[in-house]
Amino acid sequence: MNDLVSSVVHQIEQIVIGKQTQVKLSIACIFAKGHLLIEDLPGMGKTTLAHALAATLNLSYQRVQFTSDLLPSDVIGVSIYDTENQTFKLHQGPIFNQLVLADEINRASPKTQSALLEAMEENRVSIDGKTYQLPQPFFVIATQNPLFHSGTYSLPESQLDRFMMRISLGFPSVEAEKQILSNAFGATDFSSLKAFITPEQLIEIQLKVQNIHVGEEVLNYVVALLQQSRNGHYDVNPLSPRAGKSLISAAKAWAFIEGRDYLLPDDIQAVFSAVCQHRLNPAFDMKAEATNDSSQRILHSVDAISPLLS
């Protein structure tokens, strides 16, 4: 891990205490140009993680609280007639930021969810027949409450697929919780966080990640995992070629964080559950061991050394 990336990881770990793996996955998701979905109970640190990422990576940032009465124009913006100049003027919505936190996305109507997810896919929005490019880099973190909470709408499988990764922070360990509670009366001062990377440097990193070498052996391993999800008689949705591309992109970013310019099967294994579980089985189960069950069964059933023979 180079010094710059190490500093980014270290600072965020000081804010999101005891969640080293989730912090590293979140950073890998950004380096791979993906969008991140965080599912958990309220109060688990989802918003804190988004704030810390924005401050550390020096990205323009805005949080949108998704509610049942939120309209698509509240997210993407609206053109309003300017009587003085007798022309329509665009009032940009929060989507015109480099990092957008869509908080409790599953509390908004499907129409508003679709407006956000379309922007995520195309990196642009259309307002009154005109197309506007979104700033770069552009990254969405969405949080989702459990579907058994009242007033929630589930995300369809096709929309879940727009997120490169889905992670859950989960409850802290005893030691981590003691550390969090010892600062119970002091809110985190995000303005004091140091910005280690400029947006231009982040784009350079994203380009370097794309150029990470992927050998044929690793490609065979990924293909075997995809085939296993389709032919392994699991009660899950099969993984698509797009899921395979997301898996390789995320693994490349993981390898970059580890300081390598080539991919190993270990990188695939490190990101597999975060990239694939929500595509295999979109249902949100709060039990971590259950949410990772099908992805882990597939992962353990394929031999990384001779994958196509397993």
Side-chain angles (χ1 to χ4, degrees), residues 1-32 34-59 61-63 65 99-105 139-146 149 163 165-197 202 250 253-254 256-259 266 269-275 277-278 284-292 296:
M1 193 184 301
N2 66 46
D3 292 342
L4 191 62
V5 175
S6 177
S7 299
V8 169
V9 173
H10 179 71
Q11 176 163 273
I12 298 175
E13 286 178 352
Q14 303 309 303
I15 302 299
V16 186
I17 299 168
K19 299 297 174 184
Q20 290 86 354
T21 300
Q22 290 89 339
V23 167
K24 199 170 166 184
L25 284 169
S26 303
I27 294 169
C29 193
I30 293 180
F31 286 178
H35 304 288
L36 178 67
L37 178 63
I38 308 176
E39 293 184 327
D40 232 317
L41 293 168
M44 304 294 277
K46 303 185 292 292
T47 305
T48 300
L49 174 58
H51 273 80
L53 284 166
T56 305
L57 300 176
N58 197 24
L59 300 174
Y61 170 78
Q62 192 157 349
R63 170 179 174 270
Q65 178 63 51
L99 197 159
V100 178
L101 172 60
D103 213 1
E104 300 186 311
I105 188 174
F139 184 68
V140 171
I141 294 178
T143 70
Q144 180 169 231
N145 288 337
H149 279 201
F163 292 96
M165 288 188 189
R166 180 183 70 173
I167 64 171
S168 174
L169 292 176
F171 292 110
S173 66
V174 171
E175 286 304 315
E177 191 152 27
K178 284 171 64 178
Q179 192 174 345
I180 293 168
L181 294 177
S182 68
N183 191 34
F185 301 103
T188 303
D189 181 10
F190 293 104
S191 63
S192 66
L193 295 180
K194 182 178 179 180
F196 285 100
I197 293 179
L202 178 54
W254 188 273
F256 178 83
I257 293 172
E258 291 292 319
D266 290 354
Q269 294 163 359
V271 302
F272 187 77
S273 288
V275 173
Q277 182 59 43
H278 63 294
F284 181 22
D285 191 327
M286 285 306 302
K287 296 178 180 177
E289 61 271 26
T291 57
N292 289 322
Q296 289 301 309

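Remember, it's a predicted structure, so these values are computed and weren't measured experimentally.
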[X] side chain to [Y] backbone, donor-acceptor under 3.5 Å:
{"X": "His278", "Y": "Phe163", "result": "yes"}
{"X": "Thr143", "Y": "Ile38", "result": "no"}
{"X": "Asp40", "Y": "Ser168", "result": "no"}
{"X": "Gln144", "Y": "Leu37", "result": "no"}

Roughly how far apart are [X] [atom1] and [Y] [atom2], rounded to 0.5 Å?
{"X": "Ile30", "Y": "His35", "atom1": "CD1", "atom2": "NE2", "value": "11.0 Å"}
{"X": "Asp103", "Y": "Arg63", "atom1": "CG", "atom2": "CZ", "value": "4.5 Å"}
{"X": "Ile12", "Y": "Ile27", "atom1": "CD1", "atom2": "CD1", "value": "4.0 Å"}
{"X": "Gln277", "Y": "Arg166", "atom1": "CD", "atom2": "CZ", "value": "6.0 Å"}

Under 4.5 Å between any side-chain heavy atoms of [X] and [Y], yes or no?
{"X": "Leu36", "Y": "Phe139", "value": "yes"}
{"X": "Val16", "Y": "Gln22", "value": "no"}
{"X": "Trp254", "Y": "Leu25", "value": "yes"}
{"X": "Ile15", "Y": "Thr56", "value": "no"}
{"X": "Asp266", "Y": "Gln269", "value": "yes"}

Measure across [X] and [Y] and return the closest heavy-atom pair with its distance rounded to 0.1 Å.
{"X": "Leu41", "Y": "Lys46", "result": "O-NZ, 2.9 Å"}
{"X": "Ala195", "Y": "Asn58", "result": "CB-CB, 3.6 Å"}
{"X": "Val275", "Y": "Met165", "result": "CG2-CG, 4.0 Å"}
{"X": "Ile167", "Y": "Ala274", "result": "CG2-CB, 4.1 Å"}
{"X": "Gln296", "Y": "Ser273", "result": "NE2-OG, 2.7 Å"}
{"X": "Leu193", "Y": "Ala52", "result": "CD1-CA, 4.1 Å"}

_So, using side-chain contact (heavy atoms from CB on, under 4.5 Å) as the criterion, who are the partners of Ala50 when residues are at least two apart?_
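For Ala50 the side-chain contact (heavy atoms from CB on, under 4.5 Å) partners, ignoring immediate neighbours, are Tyr61, Leu101, Ile141.
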_Among residues at least two apart in sequence or on other chains, which ones pass side-chain contact (heavy atoms from CB on, under 4.5 Å) with Ile17?_
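Applying side-chain contact (heavy atoms from CB on, under 4.5 Å) to Ile17 gives Ala176, Gln179, Ile180.
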_Option from Leu49, Leu53, Thr47 for which side-chain contact (heavy atoms from CB on, under 4.5 Å) with His51 holds_ = Thr47
*asked:* Over 60° means perpendicular and under 30° means parallel, so tell me whether Phe256 and Phe31 are parallel, tilted or perpendicular.
replied: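 Answer is perpendicular, since the angle exceeds 60°.
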